[in-house]
Amino acid sequence: MARPTKPDNVKLSKTARFRVTDAEFLKLEELAKSEGLSLADFCRSRLMGAKPRSRKATPERLALITALGTLGNVRADINQLLKDRHAHRFTKPQDVKAVFRAIEKIADQIQTDLSNGSH
């Protein structure tokens, strides 16, 4: 399924170019980086007062995002293993549910931390 087309009023279809000195360019890059923004988003937010489309993840936030992805992979692997074992009656269903509740609790905490922007 293809990605939906954005409405014309949100498409970034035009390019604005302007010249700066080496020192000005370095300053712009430094300011953008300090705010966790791309150079384009930084300039757009300063010139237009627009809210930045996205901020670059801090190392801590990136670690949480990576951990959440890894946790999802682990959960899928455990699910597959337990399905195989359950078919042979080696695992009690309540034990499987307990493992998944623990994983979901960790995932929920990571998602809460990410949503609150605390990292």
Query raised in the report: Any salt bridge between K11 and D8, counting N to O under 4.0 Å?
Result: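 So K11 pairs with D8 through a salt bridge.
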Query raised in the report: Taking E24 for the side chain and T21 for the main chain, is one N or O donor matched with an acceptor at less than 3.5 Å?
Result: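 Yes, the answer is positive, given that a donor and an acceptor are paired below the 3.5 Å cut-off.
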Query raised in the report: Taking a hydrophobic cluster as the set of Ile, Leu, Val, Met, Phe, Trp and Tyr residues connected by side-chain heavy atoms closer than 4.5 Å, whether directly or through intermediates, do F18 and L26 fall within one such cluster?
Result: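 Different hydrophobic clusters.
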Query raised in the report: Under a 4.5 Å side-chain heavy-atom rule over Ile, Leu, Val, Met, Phe, Trp and Tyr, are L62 and I110 clustered together?
Result: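 No: no chain of side-chain contacts under 4.5 Å links L62 to I110.
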Rounded to the nearest 0.5 Å, how far does [atom2] of [Y] lie from [atom1] of [X]?
X: L31; Y: F42; atom1: CG; atom2: CZ; answer: 4.5 Å
X: E29; Y: S34; atom1: CD; atom2: OG; answer: 12.0 Å
X: R46; Y: D41; atom1: CZ; atom2: CG; answer: 13.0 Å
X: Q111; Y: L64; atom1: CD; atom2: CG; answer: 11.0 Å
X: L71; Y: I106; atom1: CG; atom2: CD1; answer: 6.0 Å
X: N79; Y: F100; atom1: CG; atom2: CZ; answer: 4.0 Å

Report task. With the side chain counted from C-beta on, respond yes when E104 and Q109 share a heavy-atom pair under 4.5 Å apart, and no when they do not. Result ->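 A side-chain contact is absent here, since even the closest heavy-atom pair is not under 4.5 Å.
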**Report entry** Working for side-chain contact (heavy atoms from CB on, under 4.5 Å), residues V20 and K27
**Finding:** CA-CA 10 Å; V20 293; K27 183 68 174 175; over 6 Å; no
**Report entry** Shortest non-hydrogen contact from L28 toward C43
**Finding:**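 Nearest pair, atom of L28 first, then C43: CD2-SG, 4.4 Å.
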Requested in this report: Looking only at non-hydrogen atoms, find the nearest pair between L39 and A32 and report the distance.
Outcome: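 Shortest heavy-atom contact: CA-CB, 4.1 Å.
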Query raised in the report: Should we say atom CG of D108 is surrounded by more than 12 heavy atoms from elsewhere, each under 6.0 Å from it?
Result: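 Yes, enclosed.
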